[in-house]
Structures are given as structure tokens and as C-alpha cells.
Amino acid sequence: MVRASGLPNQTDAMFTTVEGEWDEVMAVVKAACDAVAARAPRVSLVLKADLRPGVTGAMSSKVETIERYLSS
């Protein structure tokens, strides 16, 4: 669901991060939960939002900033 959405996303060992406009991201979250619910008796969701109007590319720029500080 997340990858098929076309929104910028990243999955790591702990989380799946999705970047986009509120309504787009919430639609992806709902679709992903519905897909899990179709196969499992219980769905657990932890949601964290970083709302910054007008900001795009934050998912990669935050990591780049950390890498820059760590290499100094």
C-alpha cells in the first residue's frame, strides 16, 4: 500500500515513514490498516506526525544533516 501510493517513503527496522500532504498520507495509512485488517484479527498503529507546511524532502534532508554533523 505504502510503496504503491507513489508518496516518498522509507521503511527501516522500526518504522515506515511516509511524506506528503495530510489527506494523501492519511489515505495511505487507512489503506495500509485496511489491508492488514483483511488478514489479521487485530491492527496496531502508532502514528507520529511532523507538520511543517511548505516543507518537502524533509525525510532525506534530516538524515543528511545528521550525517554532516557526525562527520565533523
Taking side-chain contact (heavy atoms from CB on, under 4.5 Å) as the test, write out the residues that go with Asp23, two or more places apart.
none
Do Leu47 and Val2 belong together in a cluster built from hydrophobic side chains that touch within less than 4.5 Å?
yes
Look up atom CD in Glu64 and atom CE in Met59, then write down how far apart they are to the nearest 0.5 Å.
11.0 Å
To the nearest 0.5 Å, atom CZ of Arg68 lies from atom OG of Ser61 at 9.5 Å
Any link between Val46 and Met14 through a network of hydrophobic side chains (Ile, Leu, Val, Met, Phe, Trp, Tyr) touching at under 4.5 Å?
no
Min side-chain heavy-atom separation Leu7-Val28 under 4.5 Å
yes
Can you find a pair of side-chain heavy atoms, one from Val36 and one from Met1, that are under 4.5 Å apart?
no
Do Leu45 and Phe15 land in one hydrophobic cluster if side-chain heavy atoms of ILVMFWY residues count as linked below 4.5 Å?
no
Would you say the side chain of Thr17 lies within less than 4.5 Å of the side chain of Glu19, judging by non-hydrogen atoms?
no
Count the heavy atoms belonging to other residues, nucleotides or ligands that lie under 6.0 Å from CD of Glu21, then report whether that count exceeds 12.
no
Same apolar cluster: Leu70 and Val63, side chain cutoff 4.5 Å:
no
